[in-house]
Amino acid sequence: MRFGIYLPPQASDTNKVPVLYWLSGLTCTDENFMHKAGAQRVASELGIAIVAPDTSPRGDNVPDDLDGAYDFGLGAGFYVNATEAPWNTHYHMYDYVVDELPALIEAHFPVSNQRAISGHSMGGHGALTIGMRNPKRYTSISAFSPICNPSHCDWGKKAFTGYLGDNQQTWENYDASMLIGTALSPQSTQPVLPTLVDQGLDDNFLNQQLKPETLVLAAKENNYPLTLQQHEGYDHSYFFISSFIEQHLRFHWRHLNP
């Protein structure tokens with residue numbers, strides 16, 4: 001696995017800085033966010049490290065979609081732990097993001113164990129679900145144009161069927177609109193993380209794939225601390241992300257340093 005890391009000038013052996021983990025979307029690698037988002041200026045000011053992993057495992061022995069589809073296989077790990085062969089041998093992106101990557105980063109770089117998580121599209125789905133399921137590991141969650149209800153959109157159904165099988169109950173562990181109710185159930189003793197979502201209203205994928213209305217409804221029904229910001233004239237591209245990434249970094253900074 002490859003990852004990109006940005007260390008701000010404040011980082012040193014005697015001053016460990018917090019980390020924002022950024023999860024990218026379909027077809028992306030570890031490079032897209034670092035090259036296109038323009039986040040380093042504000043991260044430098046605030047003293048936040050940024051870590052951007054790849055979106056799937058890669059290599060000669062890693063399986064890919066036989067038809068070369070962009071929405072499954074290489075570049076499309078969906079941040080789940082696959083249970084179905086042949087994907088279950090390598091596609092454990094959930095464990096990689098939650099456990100393996102932070103352990104590596106914290107062992108080899110001057111960063112603290114204060115973490116926030118964010119992402120775009122498929123990565124927004126990953127940020128929401130990983131943050132909701134691991135609220136003691138992160139201080140805050142944010143997402144740009146996330147896939148909010150993957151159990152009920154074509155991208156999610158294809159990925160979940162392939163990686164997880166036909167039992168849709170297992171899909172709920174990776175569906176943010178369903179996890180909100182679990183996060184705030186009376187039996188839960190976990191903290192609830194403040195969550196910021198930005199969505200462009202000229203996004204070609206808005207109605208068929210992203211479905212933010214399902215996330216908003218679930219949040220309202222469960223009094224979940226979700227803020228959704230919608231923007232006329234913005235699409236699904238990195239121009240959208242670069243326009244509002246400063247707000248997201250400052251949002252996370254408030255919670256990393258209360």
Can you check whether [X] reaches [Y] side chain to side chain, under 4.5 Å on heavy atoms?
X      : Y      : answer
Phe251 : Pro194 : yes
Phe3   : Tyr96  : yes
Leu20  : Val51  : no
Ser142 : His252 : yes
Thr227 : Val197 : no
Ile141 : Ser118 : no
Val192 : Pro135 : no
Tyr163 : Thr83  : no

Just to verify, what does [X] make a salt bridge (charged side-chain N to carboxylate O under 4.0 Å, His left out) with, not counting sequence neighbours?
X      : value
Glu84  : none
Arg58  : Asp54
Glu246 : Arg41, Arg250

Does CZ in Phe239 sit with more than 12 non-hydrogen atoms of other residues, nucleotides or ligands closer than 6.0 Å?
no
Should we count CZ of Phe240 as having more than 12 external heavy atoms under 6.0 Å?
yes
When the ring centroid of [X] is compared with that of [Y], is the distance short of 6.0 Å?
X      : Y      : answer
Phe244 : His231 : yes
Trp155 : Phe205 : yes
Phe72  : Trp87  : yes
His248 : Phe144 : yes

Residues in side-chain contact (heavy atoms from CB on, under 4.5 Å) contact with [X], at least two apart in sequence or another chain:
X      : result
Ala69  : Asp65, Asp71, Lys158
His152 : Asn149, Met178
Ser112 : Lys16, Pro18, Gln114
Pro86  : Pro63

Assess whether side-chain hydrogen bond (donor to acceptor under 3.5 Å, both in side chains) is satisfied between Asn32 and Ser24, documenting all intermediate values.
CA-CA 8 Å; Asn32 293 70; Ser24 289; 5.6 Å; no
Can you see which heavy atom on [X] is nearest to which on [Y], and at what distance?
X      : Y      : result
Ser121 : Gly25  : CB-CA, 4.4 Å
Tyr6   : Ser44  : OH-CB, 3.1 Å
Ala37  : Tyr238 : N-CD2, 4.1 Å
Ile117 : Ala127 : CG2-O, 3.8 Å
Gly77  : Met93  : CA-CG, 4.3 Å
Ala43  : Ile50  : CB-CD1, 3.8 Å

Residues pairing under side-chain hydrogen bond (donor to acceptor under 3.5 Å, both in side chains) where one sits in residues 165-174, two or more places apart or in two chains, turn out to be none
Within residues 203-219 or reaching into it, pairs that qualify as side-chain hydrogen bond (donor to acceptor under 3.5 Å, both in side chains) - sequence neighbours excluded
Ser177-Thr214, Gln199-Asp203, Asp203-His236
Mutual orientation of the aromatic rings belonging to His120 and Trp22 [parallel < 30°, tilted 30-60°, perpendicular > 60°]
parallel
Does Asp95 have any side-chain hydrogen bond (donor to acceptor under 3.5 Å, both in side chains) partners at least two apart in sequence or in another chain, and if so, which?
Asn81
By ring-ring contact (aromatic ring centres under 6.0 Å, His included), which residues pair with Tyr21, not counting sequence neighbours?
none
Are a donor atom and an acceptor atom from the side chains of Gln229 and Asp198 found within less than 3.5 Å of each other?
yes
Going from CG on Asn223 to CD on Glu221, what distance comes out if it is rounded to the nearest 0.5 angstrom?
10.0 Å
Rounded to the nearest 0.5 Å, what separates atom CG in Leu249 from atom CG in Leu256?
10.0 Å
Salt bridge (charged side-chain N to carboxylate O under 4.0 Å, His left out): which pairs involve residues 96-110, sequence neighbours left out?
Glu106-Arg115
